[in-house]
Amino acid sequence: MTTLDTGVKIVRNVGRFTFGDGAVAGVADLVASKRSGKSQNAVFLIDEYFKGQKDIAGSLGAKSADAVHFISTVDEPTTQSIDELVAKLHSSGHSSPATIVGFGGGITLDTAKAVSNLLTNGGHAADYQGWDLVRVPGVHKIGVPTISGTGAEATRTCVMTNRETGLKLGMNSDFTVFDHVVLDPSLTSTVPRNQYFYTGMDAYIHCIEALAGSYRNAIGDAYSRETVNLCRNVFLSTDMMASERRSDLMVASYLGGCAIATSYVGVVHPFSAALSVVFGLHHCVANCVVLNATGEFYPEAHAEFRKMIELQKIALPQGVCANLTDELRAALIAATIKHEKPLTNALGTNFRATLTDTRIISLFEKM
Ligand code: NAD
Ligand code: ZN
């Protein structure tokens with residue numbers, strides 16, 4: 001396939017970042033530095049995993065007048081879950097905090113980004129699903145990832161599902177980018193192995209898709225190549241969770257997020273989005289299920305993925321698409337082909353000539 005040098009229009013990167021084991025100790029000072037005359041309080045959105053950890057909010061700099069919410073990770077963010085959280089903040093007197101801290105995985109980071117935009121822009125989360133619909137900057141926000149791979153700490157989007165319309169789309173905007181990101185690899189030591197692999201592979205998959213696509217640019221390619229190299233360091237090593245490997249993966253996640261801000265994904269993400277919308281499968285595990293079944297599109301990455309998953313002894317869900325009904329088949333096809341940009345990137349503008357309904361379903365049936 002011929003590639004097209006698309007260049008890079010305008011990309012906004014994270015304002016500032018801190019990196020290194022122990023960097024999380026600096027969050028409290030960062031928060032304190034944002035408190036000013038008119039906005040004294042702060043909002044802390046913390047992954048529910050940390051609920052049992054003694055005084056987690058206090059260690060991040062929370063004071064008694066601040067709002068602390070633990071974010072459930074049972075479901076990925078919905079426009080409704082975001083609206084509910086924003087309503088709670090308004091009613092508790094936290095409408096214009098000095099800063100918002102998002103501490104957790106992609107779900108929590110995306111929630112922090114969406115809440116920040118809504119507190120200053122008003123309206124509902126669904127109003128901003130799309131490109132450049134956010135009108136004014138959100139509240140200052142600090143992102144602290146505690147699991148690596150999605151790149152949510154670096155991107156200009158926050159993925160949300162709108163259950164009413166079935167639309168899974170974020171607020172793609174320069175205003176969605178974190179003002180400050182704190183990258184501390186020591187935070188990821190407690191992630192369960194399977195989850196560590198699934199989420200980490202999101203960075204790998206974003207970048208192998210980008211590098212195999214036709215819409216390309218030299219900056220996106222450079223970010224992607226280094227992300228893939230770092231993921232190989234991690235997942236082809238004997239101990240993917242050794243401290244140096246967790247550091248590699250945190251960097252891969254960040255660079256992968258930068259890659260995706262300047263390039264496009266491919267076939268895996270549209271199929272994965274369909275599994276999420278139709279069966280509620282979470283994004284990162286769904287990606288792994290899809291790559292496992294779609295070797296025909298990415299033969300080399302597929303072989304490498306198989307090597308990684310066997311080496312790390314990771315279990316993948318089986319029979320995800322067993323017992324498909326006609327209704328489910330139609331829903332899966334519709335939810336896949338609506339992602340025209342990545343499918344065009346991977347297969348060309350005429351992608352439906354080769355990606356027929358029959359082929360789509362036979363791929364899902366392998367999952
Ligand atoms: P997650 O937020 O789904 O969390 C996964 C699990 O790991 C949860 O059970 C969580 O509690 C747990 N966890 C997190 N940190 C932990 C720790 N240190 N120790 C133990 N357990 C821990 O994680 P994810 O896979 O990073 O995020 C997926 C989300 O990211 C999806 O909603 C997806 O749509 C979104 N996403 C966003 C972007 C973006 O650019 N904004 C890109 C890709 C994916
Ligand atoms: Zn992804």
Side-chain angles (χ1 to χ4, degrees), residues 14 24 45-53 56 70-79 81-82 102-114 116-117 129 141 143-161 168-173 176-178 181 184-210 227 241 246 249-250 252-254 256-273 275-277 280-291 339 342:
V14 162
V24 69
L45 305 179
I46 303 176
D47 189 308
E48 64 179 351
Y49 167 78
F50 296 94
K51 206 167 184 172
Q53 199 161 308
I56 177 73
F70 288 95
I71 304 301
S72 166
T73 58
V74 175
D75 292 319
E76 295 187 338
T78 62
T79 50
S81 71
I82 300 295
F103 183 86
I107 290 176
T108 307
L109 297 178
D110 279 359
T111 301
K113 290 159 113 178
S116 153
N117 282 339
Q129 279 186 296
K141 54 191 173 299
V144 190
T146 62
I147 178 171
S148 305
T150 66
E153 62 279 18
T155 62
R156 70 195 293 277
T157 191
C158 48
V159 185
M160 307 169 297
T161 301
K168 190 178 180 194
L169 184 63
M171 301 178 182
N172 293 269
S173 161
T176 306
V177 180
F178 277 112
V181 165
D184 183 341
S186 73
L187 294 172
T188 65
S189 65
T190 51
V191 177
R193 283 181 65 82
N194 280 347
Q195 184 67 55
Y196 180 88
F197 183 88
Y198 303 149
T199 297
M201 285 313 286
D202 197 24
Y204 176 86
I205 292 172
H206 285 155
C207 293
I208 61 104
E209 289 187 284
T227 302
M241 293 190 70
R246 284 187 290 99
L249 195 58
M250 194 160 261
S253 177
Y254 182 77
C258 294
I260 277 319
T262 59
S263 52
Y264 295 95
V265 289
V267 179
V268 176
H269 273 75
F271 277 80
S272 163
L275 292 181
S276 295
V277 171
L281 224 63
H282 283 209
H283 178 73
C284 299
V285 69
N287 278 347
C288 291
V289 168
V290 173
L291 180 56
H339 297 272

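Since the structure is predicted, the reported quantities are computational estimates derived from the model, not experimental observations. In each ligand, atom 1 is the first atom listed, and ligand 1 is the first ligand listed. All values below were derived from every heavy atom in this structure, side-chain atoms included, with hydrogens, water molecules and symmetry-related copies excluded.
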Check whether any heavy atom of [X] sits under 4.0 Å from an atom of ligand 1.
{"X": "Gly104", "answer": "no"}
{"X": "Pro77", "answer": "yes"}
{"X": "Gln195", "answer": "yes"}
{"X": "Tyr198", "answer": "no"}

Does the N or O separation between [X] and ligand 1 drop below 3.5 Å for any pair?
{"X": "His283", "answer": "no"}
{"X": "Gly106", "answer": "yes"}
{"X": "Thr155", "answer": "yes"}

Find all atoms of ligand 1 within a distance of less than 4.0 Å from any non-hydrogen atom belonging to [X], and give their numbers and elements.
{"X": "Thr199", "answer": "24 (P), 25 (O), 26 (O)"}
{"X": "Leu187", "answer": "18 (N)"}
{"X": "Val191", "answer": "16 (C), 17 (C), 18 (N), 19 (N), 20 (C)"}

*Could you tell me whether the Zn ion (ligand 2) has an N, O or S atom of Cys284 under 2.8 Å away?*
no

_Using the rule side chain to side chain contact (heavy atoms under 4.5 Å, CB included), only one of His283, Glu76, Glu48 pairs with Ile107; which is it?_
Glu76

*With no hydrogens and no angle check, do the side chains of Thr150 and Asp202 hold a donor and an acceptor under 3.5 Å apart?*
no

*Selection from Asp110, Ile107, Val285 by shortest heavy-atom distance to atom 35 (C) of ligand 1*: Asp110

*Opening angle between NE2 in His283 and NE2 in His206, taken at the Zn ion (ligand 2), to 10 degrees*: 170°

*Any idea which part of Asp47 is under 4.0 Å from ligand 1, heavy-atom wise: side chain, backbone, both or neither?*
side chain

*Have a look at Asp202 and say which of its N, O or S atoms is nearest the Zn ion (ligand 2).*
OD1

